[in-house]
Amino acid sequence: MKSIIDYIVSIFKGLGTLLTGMKVTGKYAFTPWKNVTHQYPDVYPVLSDRFRGEVIMPHNANNEHKCTGCGICEINCPNGSIEIISKMITTPEGKKKKVIDQHIYHLGMCSLCNLCVKSCPSDAITMGQKFEHAIWDRKLLTKVLNQPGSKIQEGIKE
Ligand code: SF4
Ligand code: SF4
């Protein structure tokens with residue numbers, strides 16, 4: 001007898017779950033302006049500020065960035081998506097100094113977790129909003145984030 005009651009209760013529970021789902025569907029069916037889906041690619045989506053498409057390194061108008069080459073982002077990346085290659089230079093004062101040579105970013109291995117951005121002590125990297133990354137050659141997903149000929153901005157603490 002108990003099992004029949006359980007069976008009937010489970011039917012009502014199932015109906016309740018179904019109605020909950022239909023309530024959500026019905027809400028969006030009758031308020032289409034609230035829909036979260038976009039008619040991409042016919043209509044380009046309006047992305048939230050928090051959208052993460054790829055890691056980028058902003059440069060200013062003088063082709064300067066804020067990356068010191070400290071390697072903290074490389075250490076903190078859980079996927080090994082970042083490689084920092086440094087080089088030694090001689091400053092005008094004659095001192096030896098380590099600077100970034102290449103900040104290599106493997107987009108194809110990146111889970112867009114944002115840990116590198118959060119851990120960077122000089123805010124040198126951030127999340128870009130580009131999301132159309134489909135390509136035929138996966139080698140193109142490996143990028144050098146510091147631009148050719150770029151250098152570090154004055155006043156960035158190392
Ligand atoms: S977003 Fe995450 S996975 Fe991608 S490079 Fe940064 S730390 Fe690595
Ligand atoms: S991006 Fe930031 S954390 Fe990574 S090497 Fe450059 S300064 Fe260091």
Side-chain angles (χ1 to χ4, degrees), residues 17 20-158:
T17 311
T20 303
M22 287 177 71
K23 195 171 110 188
V24 174
T25 309
K27 190 175 104 187
Y28 285 107
F30 291 105
T31 54
W33 57 91
K34 286 188 180 170
N35 287 359
V36 291
T37 49
H38 298 274
Q39 299 296 319
Y40 177 81
D42 298 327
V43 180
Y44 202 81
V46 178
L47 302 171
S48 139
D49 290 345
R50 297 172 59 212
F51 180 80
R52 301 172 189 167
E54 62 177 339
V55 177
I56 56 169
M57 181 180 290
H59 289 59
N60 65 16
N62 298 322
N63 200 20
E64 294 170 332
H65 55 72
K66 294 181 182 170
C67 179
T68 61
C70 67
I72 291 175
C73 55
E74 181 181 22
I75 294 166
N76 280 283
C77 176
N79 301 333
S81 309
I82 291 176
E83 288 175 65
I84 302 297
I85 299 176
S86 306
K87 63 181 177 186
M88 295 302 287
I89 60 160
T90 307
T91 64
E93 299 81 40
K95 288 183 184 168
K96 292 277 183 199
K97 185 180 167 192
K98 192 175 96 169
V99 295
I100 184 91
D101 184 17
Q102 289 189 315
H103 185 297
I104 301 171
Y105 169 53
H106 301 283
L107 173 59
M109 295 159 64
C110 176
S111 59
L112 306 169
C113 67
N114 208 37
L115 285 176
C116 54
V117 175
K118 289 279 181 201
S119 63
C120 175
S122 51
D123 292 330
I125 48 178
T126 186
M127 280 290 174
Q129 297 217 320
K130 184 182 169 206
F131 63 90
E132 292 165 313
H133 298 302
I135 41 150
W136 291 106
D137 183 357
R138 64 182 304 156
K139 284 202 288 284
L140 298 175
L141 292 175
T142 294
K143 307 172 182 210
V144 178
L145 297 192
N146 54 315
Q147 292 175 176
S150 60
K151 61 182 172 63
I152 189 166
Q153 283 180 36
E154 287 287 329
I156 301 295
K157 284 193 179 167
E158 295 170 41

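Counting starts at 1 for both ligands and their atoms, following the listed order. Small disclaimer: the values here were computed from a predicted structure and weren't measured.
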> Identify the protein heavy atom lying closest to atom 5 (S) of ligand 2, giving its residue, its atom name and the separation to 0.1 Å.
Gly71 N, 3.3 Å
> Going by the atom numbers of ligand 1, which of them fall below 4.0 Å from some non-hydrogen atom of Met127?
1 (S)
> Shortest non-hydrogen contact from Ile152 to Cys67?
CD1-O, 3.4 Å
> Just to confirm my output: which protein heavy-atom neighbour is closest to atom 2 (Fe) of ligand 2, and how far is it?
Cys120 SG, 2.3 Å
> Can you check whether Ser81's main-chain N or O pairs, donor with acceptor, with Asn79's side chain at less than 3.5 Å?
no
> Would you find a donor on one side and an acceptor on the other, under 3.5 Å apart, between the side chain of Asp137 and the backbone of Lys139?
yes
> When you measure from atom 6 (Fe) of ligand 2 to every protein heavy atom, which one gives the shortest distance, and what is it?
Cys67 SG, 2.3 Å
> Tell me, which protein residue and heavy-atom name are nearest atom 8 (Fe) of ligand 2, and how many Å apart are they?
Cys70 SG, 2.2 Å
> Listing request: all ring-ring contact (aromatic ring centres under 6.0 Å, His included) pairs with a residue in residues 59-80, at least two apart in sequence or in separate chains.
His59-His65
> Keeping the roles fixed (side chain from Asn146, backbone from Asp101), state whether a donor-acceptor pair exists under 3.5 Å.
yes
> How does Thr68 reach ligand 2, by side chain, by backbone, by both or by neither, if only non-hydrogen atoms under 4.0 Å count?
both
> Do Ile135 and His133 have side chains that get closer than 4.5 Å, going by heavy atoms?
no
> Does any non-hydrogen side-chain atom of Thr126 lie less than 4.5 Å from one of Ile56?
yes
> Decide whether His103 and Glu74 meet the rule of one side-chain donor and one side-chain acceptor closer than 3.5 Å.
no
> Run the numbers for me: atoms of ligand 2, each under 4.0 Å from some heavy atom of Ser122, listed by number.
7 (S)
> Is ligand 2 less than 4.0 angstrom away from at least one heavy atom of Glu74?
no
> What do you reckon, does Pro121 put a non-hydrogen atom under 4.0 Å from ligand 2?
yes
> Under a 4.0 angstrom heavy-atom cut-off, which atoms of ligand 1 come close to Pro78?
7 (S)
> Which residue in the set Asn76, Ile75, Val55 passes side-chain contact (heavy atoms from CB on, under 4.5 Å) when paired with Cys116?
Val55
> Show all protein N/O/S atoms under 2.8 Å from atom 6 (Fe) of ligand 1, or state that there are none.
Cys116 SG
> Please determine whether the number of non-hydrogen atoms from other residues, nucleotides or ligands lying under 6.0 Å from atom NZ of Lys143 exceeds 12.
yes
